[in-house]
Amino acid sequence: MSGARFDLPEVDAFTRPYWDAAAEGRLLIRHCGACDRAHHYPREFCPYCWSEDVRWQPASGRATLYTWSVVHRNDLPPFGERVPYVAAVVDLAEGPRMMTEVVDCAEGALRVGMELEVAFRAGVPVFRRARA
């Protein structure tokens, strides 16, 4: 298992636009044309109304912290080199919740509802405290 990494996605034809945008520093989410709701994780149909009229849409990159957990042990590469790190769920400004990591913020400064903004690490969206 030499060289295996567990923090990078398996990109397929459906999710390629998402990961290509992330590599360029842009966050995309799926938006339903039938019920006008956004959702994440990416699906080929709307999880609210089951419509297949869904498209990629740019997200603002703004979010609020919903919950988090500080991970002190993870043996999967490269997470072991990052401990402790903050695994989190954020509420995107567009509505969906997203699992992510909060970076560049001391554990003691984390607060439910704190304003965050997207950042990208090796083409993967993470979040940090929003700049004023």
side-chain hydrogen bond (donor to acceptor under 3.5 Å, both in side chains) for Glu115 and Thr64? Distances and angles first, verdict last. CA-CA 5 Å; Glu115 298 293 321; Thr64 56; 5.6 Å; no
Hydrophobic cluster of Met99, others only, ordered by chain and residue number, side-chain cut-off 4.5 Å: Tyr66, Val89
Do Ser51 and Cys35 come within less than 4.5 Å of each other through their side chains, counting heavy atoms only? no
More than 12 heavy atoms of other residues, nucleotides or ligands under 6.0 Å from CD of Glu81: is that the case? no
From CH2 (Trp19) to CG (Leu28), nearest 0.5 Å: 11.0 Å
Does Asp91 form a salt bridge (charged side-chain N to carboxylate O under 4.0 Å, His left out) with Arg97? I'd like the steps, not just the answer. CA-CA 4 Å; Asp91 288 327; Arg97 283 202 170 132; 2.6 Å; yes
With side chains defined as the heavy atoms from C-beta onward, is the minimum distance between Val112 and Leu65 less than 4.5 Å? no
Can you tell me how far CE of Met98 sits from CG of Leu92, rounded to the nearest 0.5 angstrom? 6.0 Å
Parallel, tilted or perpendicular, as decided by the 30° and 60° cut-offs, for the rings of Trp50 and Phe45: parallel
ILVMFWY network linking Val126 to Val83, side-chain heavy atoms under 4.5 angstrom: no
Please indicate whether Gln57 has more than 12 foreign heavy atoms, meaning atoms of other residues, nucleotides or ligands, lying under 6.0 Å from its CD. yes
pair Cys105-Arg128: side-chain heavy atoms closer than 4.5 Å: no
If you take all heavy atoms of Tyr18 and Leu27, which pair is closest and at what distance? OH-CD1, 3.8 Å
Which heavy-atom pair separates Phe14 from Glu44 by the least distance, and what is that distance? CE1-CG, 3.2 Å
Does a side-chain heavy-atom distance below 4.5 Å link Val103 with Glu101? yes
Single-linkage hydrophobic cluster, 4.5 Å side-chain cutoff, Val124 and Val90 together: yes
Is NZ or CZ of Arg82 both nearer than 6.0 Å to the six-membered ring centre of Tyr85 and within 45° of the ring axis? no
N-O pairing of Arg62 and Glu117 below 4.0 Å: no
Do His31 and Val54 come close enough that some side-chain heavy atom pair is under 4.5 Å? no
Within-4.5 Å side-chain heavy-atom neighbours: Val102 and Leu110: yes
How close do Ala22 and Gly123 get, heavy atom to heavy atom, and via which atoms? CB-O, 3.2 Å
Taking atom OH of Tyr41 as the centre, does the number of heavy atoms from other residues, nucleotides or ligands within less than 6.0 Å exceed 12? no
Check whether any side-chain heavy atom of Phe127 lies under 4.5 Å from a side-chain heavy atom of Asp104, and answer yes or no. no
For the side-chain contact (heavy atoms from CB on, under 4.5 Å) test, which of Arg30, His40, Arg37 pairs with Pro96? His40
Correct closest heavy-atom pair for His39 and Ile29 would be O-CB, 4.0 Å
